[in-house]
Amino acid sequence: MRMTEQTESGAYRVVREAVRPVEGGYAGDAVERLAKFEDLREELEAAQEELSRKMAPLRAAGRTSSAQFRELMGKKLMNSQILLLLSRRGL
């Protein structure tokens, strides 16, 4: 279910049912979904750093053709593509 709608001006707004004011801010389904997107991005960025850390000694040892290196590179490329898609949407 979509929780936002586009206005005639092109801006987006959250439908009333998806957000509610609480002390100190807002809560609701739209806020929960946003938090999950932010968590996903942080997890992907952390995974990229970890993959780079694991790949460095393999690269230094000249093992860039090894199955392990290729598997790590594949994961890194997939994460990069997801991060690129999120960035293009401003997420």
Side-chain angles (χ1 to χ4, degrees):
M1 169 183 111
R2 188 164 185 123
M3 291 181 238
T4 58
E5 57 190 17
Q6 195 168 19
T7 64
E8 290 181 20
S9 69
Y12 288 92
R13 65 179 169 216
V14 176
V15 296
R16 265 180 229 264
E17 302 81 35
V19 68
R20 66 184 180 286
V22 295
E23 187 174 329
Y26 294 88
D29 292 339
V31 176
E32 293 295 321
R33 187 177 288 180
L34 172 60
K36 289 175 184 178
F37 272 113
E38 290 176 333
D39 289 347
L40 171 66
R41 182 173 189 95
E42 288 174 358
E43 287 174 26
L44 287 169
E45 289 170 345
Q48 289 296 79
E49 290 177 19
E50 178 68 13
L51 289 167
S52 292
R53 189 188 64 73
K54 288 180 177 179
M55 292 170 68
L58 294 171
R59 187 177 280 120
R63 296 189 53 213
T64 57
S65 296
S66 70
Q68 183 183 15
F69 186 89
R70 289 179 185 213
E71 180 182 348
L72 295 171
M73 180 60 79
K75 288 178 182 180
K76 190 167 179 153
L77 291 172
M78 181 66 79
N79 289 348
S80 293
Q81 183 63 27
I82 295 167
L83 286 167
L84 179 63
L85 290 170
L86 290 172
S87 292
R88 285 183 181 166
R89 291 294 184 167
L91 299 171

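Only heavy atoms go into these numbers, but all of them, side chains included; no hydrogens, no water, no symmetry mates.
- When all heavy atoms are compared, the tightest approach of Arg70 to Ser65 is NE-O, 3.3 Å.
- At least one side-chain heavy atom of Leu86 sits under 4.5 Å from a side-chain heavy atom of Leu44.
- Pairs engaging residues 18-37 under the side-chain hydrogen bond (donor to acceptor under 3.5 Å, both in side chains) rule: none recorded [sequence neighbours left out].
- Looking at heavy atoms from C-beta onward, Lys76 lies out of side-chain contact with Asn79 at the 4.5 angstrom threshold.
- Arg63 and Phe69 get closest at one heavy-atom pair: O-CB, 3.3 Å.
- Taking Ile, Leu, Val, Met, Phe, Trp and Tyr as hydrophobic and joining them when side-chain heavy atoms fall under 4.5 Å apart, one finds Leu34 isolated, its cluster having no other members.
- Contact check for Leu58 versus Lys54: no side-chain heavy atoms found under the 4.5 Å cut-off.
- No side-chain heavy atom of Arg89 sits under 4.5 Å from any side-chain heavy atom of Leu85.
- Between the Arg41 side chain and the Leu91 main chain, a donor and an acceptor come within less than 3.5 Å of each other.
- Glu5 meets the salt bridge (charged side-chain N to carboxylate O under 4.0 Å, His left out) test with Arg13; sequence neighbours excluded.
- A chain of hydrophobic side-chain contacts below 4.5 Å, direct or via other Ile, Leu, Val, Met, Phe, Trp or Tyr residues, connects Val14 to Val31.
- Note that the OG atom of Ser66 and the CE atom of Met73 stand 10.5 Å from one another [nearest 0.5 Å].
- Glu50 is not listed as a side-chain neighbour of Lys75, based on a closest heavy-atom distance of 4.5 Å or more.
- For the atom pair Gln48 CD and Ile82 CD1, the distance stands at 9.0 Å (nearest 0.5 Å).
- Under the 4.5 Å side-chain heavy-atom criterion for ILVMFWY residues, a single connected hydrophobic cluster contains both Leu72 and Leu77.
- A continuous path of hydrophobic side-chain contacts links Met78 to Leu40 [ILVMFWY only; heavy atoms under 4.5 Å].
- Here the shortest heavy-atom pairing between Ala30 and Met3 reads N-SD, 3.3 Å.
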